[in-house]
2 protein chains.
Amino acid sequence: MARSNTLQYMILGLLTRQPMTGYDIKQIFDKEKAEFWTAPFSQIYPELNRLLNKELISLVESTEINSRRKVYQLTKLGTDTFMDWLKLPLSPEITQLNNDDFILRLHFLGKEQIDILKALLEMRERTLKLELAELELELSEVVHHPEQFGRELIIQKELSNKKSDLKLWRSELKNL
Amino acid sequence: MARSNTLQYMILGLLTRQPMTGYDIKQIFDKEKAEFWTAPFSQIYPELNRLLNKELISLVESTEINSRRKVYQLTKLGTDTFMDWLKLPLSPEITQLNNDDFILRLHFLGKEQIDILKALLEMRERTLKLELAELELELSEVVHHPEQFGRELIIQKELSNKKSDLKLWRSELKNL
DNA sequence: CCATCCATGTAAGGAGTTACATGATTGG
DNA sequence: CCAATCATGTAACTCCTTACATGGATGG
């Protein structure tokens with residue numbers, strides 16, 4: 001999942017819930033991770049310092065005077081930056097969304113942001129349909145190569161995963 | 001998919017089919033990629049030179065005398081290295097297999113290697129059962145947090161994907 | 001007092017992306 | 001002759017992992 005500042009937005013997203021330390025962020029990654037993502041301290045701490053430098057986050061003044069704990073909170077700029085990123089599915093020039101971009105945003109959406117949530121699900125639905133068509137084509141080609149049995153199984157797996165995704169997002173969209 | 005020499009084994013795996021150039025390898029990656037993986041020239045060419053250095057591959061003597069084409073073939077060492085990697089699911093000390101390691105090996109398995117294929121599917125089946133149990137637990141926790149609706153959907157997606165995988169591998173195992 | 005958890009980092013290196021650079025061959 | 005394809009690479013940069021380094025606070 002390279003090349004899109006994933007970590008930056010994950011951290012900003014977590015800080016929208018409440019101010020916290022790098023250590024807290026790591027705890028949440030480890031607890032909520034299994035679904036799709038995690039990061040070690042060696043990525044988190046330097047990233048926090050970069051975000052501080054860019055003034056997307058700031059240090060909460062500590063009551064405990066001689067503690068090394070650094071509690072971070074979002075700045076106005078940080079909140080805006082995160083919300084702009086989250087609203088991607090609402091921008092008219094974007095019509096497709098890969099699984100990673102989709103999941104990452106979905107993670108931070110609740111029923112309060114119903115319009116973003118709907119746009120996100122609809123966009124993913126569109127992309128899934130295209131991906132399914134491509135996979136059907138690949139499957140029809142690979143069946144002529146019995147020596148590539150493993151690859152055929154992979155395509156079947158991808159097909160059944162995407163079909164079940166499409167079904168799930170459609171049914172969720174209906175309930176919104 | 002870091003830290004496991006993926007590219008090395010992908011290249012060795014493709015070269016078991018027939019000798020080819022870096023350019024050919026890239027073509028195949030682009031054609032067979034969509035399912036899970038690809039690599040740009042800037043990764044392929046340096047990797048080929050590393051494999052040449054390690055004597056896992058060698059240059060095929062060219063008939064065309066003044067061509068810049070470099071056709072690579074597996075050496076005995078390269079073939080052995082690849083087969084050892086492919087046989088991982090047969091090794092008794094390994095009992096679990098994540099999706100990436102599973103898919104990567106499955107890609108190169110045909111019905112000729114029925115014993116490896118069976119062991120691979122069985123091992124993935126075991127791992128899937130554990131992953132499903134974890135996800136069920138996470139789902140039961142997240143339902144108490146309606147503000148994390150997006151995360152709940154992600155867990156549901158993962159659950160339905162893994163359930164459909166489990167069903168698929170079970171039915172394929174029955175047919176082998 | 002000692003283990004575990006809390007807490008913050010640096011260093012080294014591998015993996016992956018994007019951009020750049022170059023030139024031969026093939027087919028219309 | 002010109003465009004597309006074949007063909008091989010380097011450079012710079014970001015992303016990610018593993019290992020290392022340090023020390024305070026808490027609870028049994």
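Below, read A as the first sequence line, B as the second, and so on, with proteins coming before strands; counting in each chain starts at 1.
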| said: Angle between ring planes, F41(B) versus Y23(B), binned at 30° and 60°: parallel, tilted or perpendicular? | reply: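 Rings of F41(B) and Y23(B): parallel, as their planes differ by under 30°.
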[X] side chain: which of [options] is closest?
X: D24(B); options: dA19(C), dA7(D), dT18(D); value: dA7(D)
X: R69(B); options: dA19(C), dA7(D), dT17(D); value: dA7(D)
X: K70(B); options: dA7(D), dT18(D), dG9(D); value: dG9(D)
X: Y72(B); options: dG9(C), dG9(D), dT10(D); value: dG9(D)
X: Y23(A); options: dC6(C), dT8(D), dA11(D); value: dC6(C)
X: Q43(B); options: dC16(D), dA15(C), dT18(D); value: dA15(C)

| If each of F41(B) and A39(A) is mapped to the nucleotide of DNA chain D with the nearest heavy atom, which maps nearer the 5' terminus, i.e. the 5' end? |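 Going by which nucleotide is closer to the 5' end, it is F41(B).
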| message | Assuming nearest nucleotide by heavy-atom distance, tell me which of P40(A) and Q27(B) is located more 5' along DNA chain D. | response |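 By nearest-heavy-atom nucleotide position, the 5'-most residue is Q27(B).
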| message | Strictly below 4.0 Å: does R68(A) bring a side-chain N or O up to OP1 or OP2 of dT8(C)? | response |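 Checking dT8(C) against R68(A), no side-chain N or O comes under 4.0 Å of OP1 or OP2.
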| query | Within the pair N5(A) and dC15(D), is there a side-chain N or O less than 4.0 Å away from OP1 or OP2? | reply |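 True: N5(A) side-chain N/O within range (under 4.0 Å) of dC15(D) OP1/OP2.
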| query | E122(A) side chain to A119(A) main-chain N or O, any donor-acceptor pair under 3.5 Å? | reply |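 No: the side chain of E122(A) does not pair with the backbone of A119(A).
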Let me know the distance between [atom1] of [X] and [atom2] of [N], rounded to the nearest Å.
X: D100(B); N: dC16(D); atom1: CG; atom2: C1'; result: 14 Å
X: F29(A); N: dA7(C); atom1: CZ; atom2: P; result: 17 Å
X: F36(A); N: dC16(D); atom1: CZ; atom2: C1'; result: 16 Å
X: L7(A); N: dG16(C); atom1: CG; atom2: C1'; result: 17 Å
X: E47(B); N: dG14(C); atom1: CD; atom2: P; result: 11 Å

| said: Contact between L176(A) and E172(A) at the side-chain level, heavy atoms closer than 4.5 Å - yes or no? | reply: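 Not in contact.
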| query | What about T21(B), does its side chain sit under 3.5 Å from the base of dT8(D) through a donor-acceptor pair? | reply |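 Counting by modelled atom types and ignoring angles, no donor-acceptor contact under 3.5 Å is found here.
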| request: Please check if the distance between the ring centroids of F82(A) and F108(A) is under 6.0 Å. | output: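 When the ring centroids of F82(A) and F108(A) are compared, they turn out to be within the sub-6.0 Å range.
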| Of T21(B), V60(B), L52(B), which is the lone residue that meets side chain to side chain contact (heavy atoms under 4.5 Å, CB included) with Y72(B)? |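 Result for side chain to side chain contact (heavy atoms under 4.5 Å, CB included) with Y72(B): L52(B).
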